[in-house]
Amino acid sequence: MYQAIVFLPLLGAILAGLIALAGAIGRFPGQGPLPGADEGAAVAHHDTHAGHAAHSHGAGHDAHGHEPAAAGSRMAELITTTLLMISMILSWIAFVDVGFGHHDARVQVFTWIASGDLKIDWALRIDTLTAVMLVVVNTISAFVHLYSIGYMEEDPYRPRFFAYLSIFTFFMLMLVTADNLVQMFFGWEGVGLASYLLIGFWYHKPEANAAAIKAFVVNRVGDFGFALGIFALFMLIGAINLETVFAQAPSLLGKTIWFFGWRADALTLICLLLFMGAMGKSAQFLLHTWLPDAMEGPTPVSALIHAATMVTAGVFMVARLSPLFELAPDAQTFVTFIGATTAIFAATVALVQNDIKRVVAYSTCSQLGYMFVAMGVGAYSVGMFHLFTHAFFKALLFLGSGSVIHAMHHEQDMRHMGGLKDRIPYTYTVMIVGTLALTGFPLTAGYFSKDAIIEAAYVGTNPMALYAFVCTVAAALLTSFYSWRLIFKTFHGEPHDRKHWKEAHESPYTMLIPLGFLALGSVLAGLPFKEIFAGQGVEGFFRESLVFAKTNHVLENMHHVPLEIALLPTVMMALGFIVAWHFYIRRPDIPVELARQHDFLYRFLLNKWYFDELYEIIFVRPAKWLGRSLWKAGDGWLIDGFGPDGVSARVLDVTRNVVRLQTGYLYHYAFAMLIGAAAFITYFMFAVH
């Protein structure tokens with residue numbers, strides 16, 4: 001069963017890839033034209049965030065006259081979606097079997113690497129933590145596949161798109177089932193590759209290419225730290241399989257490593273390096289800049305990768321390596337600080353964004369900060385609880401935003417929307433459900449998981465716990481405000497674009513059905529699971545997959561916080577709603593006036609604290625200057641100038657001058673002979689003397 005869960009998406013990716021290849025080579029029916037000069041019109045008409053490139057070829061036909069939903073594309077859609085649905089059902093069965101039946105397993109697939117002391121088996125580690133991630137990854141991926149059938153209906157390259165979706169799912173499953181750090185790194189890099197392909201899916205657009213490259217490069221920074229952490233563990237322990245690492249971790253206490261002239265505590269340094277990888281993958285403060293730009297990919301990509309699955313890989317990694325982090329309290333403090341800072345930073349930026357998908361993207365960034373706060377204070381199961389619930393309501397909000405964009409003919413600016421609740425009532429309803437869950441409305445999924453994180457931060461004992469508590473409470477207020485701002489500006493008030501408003505209509509059923517299921521998950525993923533993630537049954541559920549020995553006091557004390565602390569997140573949620581309602585329903589002139597009066601602050605937030613501009617000055621420009629200098633001066637002037645190009649140039653100069661002597665005129669040769677004879681005679685005259 002476990003092999004099927006992991007490898008069915010890979011099978012789907014291979015089959016869809018073969019269909020895409022057949023279409024590219026042999027014009028498989030249903031495939032659009034190969035990218036080229038004749039595709040320019042399609043790309044020009046191709047909206048920034050929608051897969052409708054085929055519009056330019058005529059109503060519902062590609063350049064070759066084929067119907068877009070013909071055999072090849074439909075086959076790829078059905079194969080990949082069906083296999084993901086099967087994998088999802090098996091994942092839920094495994095979740096019940098492993099979590100409640102206590103049937104942990106280790107499934108060895110084959111021996112992967114055997115080189116000296118380095119021996120790595122390709123094995124599937126199946127425990128409760130893995131089972132939770134299998135459910136999250138496959139459930140969200142299955143519904144995103146189904147949603148994409150409708151959303152990408154008119155894109156001529158659907159087989160390639162579905163192949164990318166499935167290969168991403170496979171790599172994510174490899175990551176969460178990894179039994180050793182090299183296998184985890186393989187999945188880690190695989191999802192990075194898949195995100196690059198999916199963000200840049202519409203690769204004719206410069207913005208999509210730039211966003212894909214930015215995501216890839218920023219993630220490489222974090223992944224470099226992750227790789228160094230793995231190297232350090234192997235150097236000190238001599239193994240990288242998780243069982244050995246966890247067993248030997250206590251022996252590293254007190255050991256130090258020389259690191260750039262600094263004698264660092266071994267475990268602290270290793271955990272910080274590993275967390276550096278999590279910062280990149282999960283878009284935490286300082287390495288967050290790639291996530292909002294990743295919205296250039298199709299909306300289903302945003303939901304799958306940048307809301308529910310890939311960006312949670314860092315959270316999962318910290319939870320998986322909790323036996324190491326528990327032994328490195330300084331590293332835990334740093335994790336808490338970064339998580340809390342990310343939560344408040346991203347929430348402030350989301351306040352003023354106008355692109356509907358960017359608001360949800362910064363919301364994702366902020367919620368990931370919450371999860372890391374839980375990890376930092378030692379409440380690993382609580383962080384996993386929020387990861388579990390967040391996957392449903394954030395995927396719902398992204399896919400709901402896609403439904404809005406679809407209805408508005410691919411308009412994404414909320415300033416051009418308004419009044420849509422009467423045109424697309426189903427989408428409006430599910431977006432309300434997602435917003436209630438995100439803001440922590442009582443009895444929704446987010447209410448149980450997010451409030452639990454705030455309570456864990458309140459009772460946390462590390463030096464940054466109080467800072468994290470303040471930041472997460474403030475972020476709860478801001479989250480409620482910007483979430484309801486999105487709802488009010490999009491669905492309420494007067495339409496700002498009446499032409500598109502009149503043409504707005506609900507999405508096809510392939511898009512609406514996933515929204516309905518995710519809306520149910522946004523409510524039902526909370527209370528029924530509260531006890532096993534954050535209650536008395538947590539140890540019996542997670543068992544050895546998480547560390548509890550030193551963090552039990554956090555989980556216990558969470559249930560004894562003062563009433564005012566327990567109610568504080570709900571008060572913040574209500575306050576944010578009231579302010580948003582006052583600003584965007586009752587007095588919509590107030591936000592405009594505030595932006596005018598506080599222009600610097602408004603622009604500071606609108607420009608994302610100027611991190612992109614800062615990185616441009618600190619890193620990009622010096623790198624470009626260095627590269628240009630090495631190219632022009634080092635390679636061009638020095639190496640080529642004095643090397644191959646220089647030698648060939650001097651030879652050409654000499655031959656060119658010699659050629660000039662060969663004029664073909666007899667008197668020139670006679671004159672040269674006369675000069676030579678005179679020089680010869682003169683030489684002998686002086687030589688005799």
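Along the sequence shown, the residues carry numbers beginning at 1. Predicted model, so just to flag it, every value in this text is computed and none were measured.
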Checklist line | Between Phe275 and Phe372, ring centroids under 6.0 Å | finding: yes
Next item on the list: Would you list the pairs meeting side-chain hydrogen bond (donor to acceptor under 3.5 Å, both in side chains) in which at least one residue belongs to residues 419-431, sequence neighbours left out?
Entry: Ser403-Thr427, Thr427-Glu506, Tyr428-His492
Next item on the list: Test Leu8 against Leu84 for side chain to side chain contact (heavy atoms under 4.5 Å, CB included), laying out the working first.
Entry: CA-CA 7 Å; Leu8 282 177; Leu84 255 298; over 6 Å; no
Next item on the list: I would like to know whether Leu304 and Leu165 meet side chain to side chain contact (heavy atoms under 4.5 Å, CB included); could you show each step before the answer?
Entry: CA-CA 8 Å; Leu304 177 63; Leu165 284 184; 3.6 Å; yes
Note to self: Using side-chain heavy atoms (C-beta onward) and a distance below 4.5 Å, is Ile344 in contact with Leu478?
What the structure shows: yes
Next item on the list: For the pair Lys281 and Glu189, find out whether any cationic side-chain nitrogen is under 4.0 Å from an anionic carboxylate oxygen.
Entry: no
Check: Are the side chains of Val221 and Met276 in touch, meaning some heavy atoms are under 4.5 Å apart?
Finding: yes
Item checked: NZ or CZ of Arg358 within 45° of Tyr362 ring axis and under 6.0 Å -> no
Next item on the list: For residues Tyr151 and Ile405, determine if any side-chain heavy atom of one lies less than 4.5 Å from a side-chain heavy atom of the other.
Entry: yes
Checklist line | Smallest separation among heavy atoms of Ile5 and Ser91, with atom names | finding: CG2-OG, 3.5 Å
Just distance, no hydrogens or angles: give the donor-acceptor pairs under 3.5 Å from side chains in residues 620-627, sequence neighbours left out.
none

Next item on the list: Verify whether the ring centers belonging to Phe611 and Phe345 lie closer than 6.0 Å.
Entry: yes
Next item on the list: Go through the steps for Val404 and Met417 under the test side chain to side chain contact (heavy atoms under 4.5 Å, CB included), then give the verdict.
Entry: CA-CA 9 Å; Val404 171; Met417 298 180 188; 3.7 Å; yes
Margin query: Quick check for you: to the nearest 0.5 Å, what is the distance between Leu146 atom CG and Ser141 atom OG?
Written below: 11.5 Å
Item checked: Whether Gln284 side chain and Ser282 backbone form a donor-acceptor pair below 3.5 Å -> yes
Notebook entry, point to check: Any donor and acceptor pair, going by atom type alone, linking the side chain of Thr479 with main-chain N or O of Thr439 inside 3.5 Å?
Noted result: no
Notebook entry, point to check: Does any non-hydrogen side-chain atom of Phe162 lie less than 4.5 Å from one of Thr81?
Noted result: yes
Note to self: Classify the ring geometry of His505 against His406: parallel below 30°, tilted from 30° to 60°, perpendicular beyond 60°.
What the structure shows: perpendicular
Checklist line | Under 3.5 Å: donor-acceptor pair, side chain of Asn354, backbone of Met414 | finding: no
Next item on the list: Check Leu606 against Gln353 and note the closest heavy-atom contact, atom names and distance.
Entry: O-NE2, 3.5 Å
Item checked: Leu286 backbone acceptor or donor facing Tyr615 side chain under 3.5 Å -> yes
Check: Given the side-chain rings of Phe517 and Phe392, with only the six-membered ring counted for Trp, is the space between their centroids under 6.0 Å?
Finding: no
Notebook entry, point to check: Does a side-chain heavy-atom distance below 4.5 Å link Thr342 with Cys365?
Noted result: yes
Margin query: If you compare all heavy atoms of Ala303 against all heavy atoms of Ile140, which two are closest, and at what distance to 0.1 Å?
Written below: O-CG2, 4.4 Å
Checklist line | Test side chain to side chain contact (heavy atoms under 4.5 Å, CB included) applied to Leu10 and Ile167, step by step | finding: CA-CA 6 Å; Leu10 177 62; Ile167 198 66; 3.7 Å; yes
Next item on the list: Report yes or no: does Thr80 contribute a side-chain atom to a donor-acceptor pair with the main-chain N or O of Glu77 at less than 3.5 Å?
Entry: yes
Next item on the list: Please state whether the rings of Phe170 and Phe7 are parallel, tilted or perpendicular, taking 30° and 60° as the class boundaries.
Entry: tilted
Checklist line | Heavy-atom donor-acceptor pair, Trp202 side chain to Glu207 backbone, under 3.5 Å | finding: no
Margin query: Restricting to non-hydrogen atoms, name the atom on Pro591 and the atom on Tyr584 that form the minimum distance, rounded to 0.1 Å.
Written below: CG-CE2, 3.7 Å
Check: For Met172 and Thr309, which heavy atoms make the closest approach, and how far apart are they?
Finding: CE-O, 3.4 Å
Notebook entry, point to check: Quick one: do the Lys214 and Thr289 side chains pair a donor with an acceptor below 3.5 Å?
Noted result: no
Next item on the list: Mind listing the closest non-hydrogen atom pair of Ser73 and Arg158 along with its distance?
Entry: CB-NH2, 3.0 Å
Notebook entry, point to check: Given side chains that start at C-beta, do those of Leu486 and Met431 come closer than 4.5 Å, heavy atoms only?
Noted result: yes
Check: Would you say Leu11 and Ile79 make side-chain contact, with heavy atoms under 4.5 Å?
Finding: no
Next item on the list: Side-chain contact test, heavy atoms from C-beta onward, threshold under 4.5 Å: evaluate it for Phe161 versus Asp155 and give yes or no.
Entry: no
Check: For the residue pair His390 and His386, does the interplanar ring angle fall in the parallel (under 30°), tilted (30 to 60°) or perpendicular (over 60°) class?
Finding: tilted
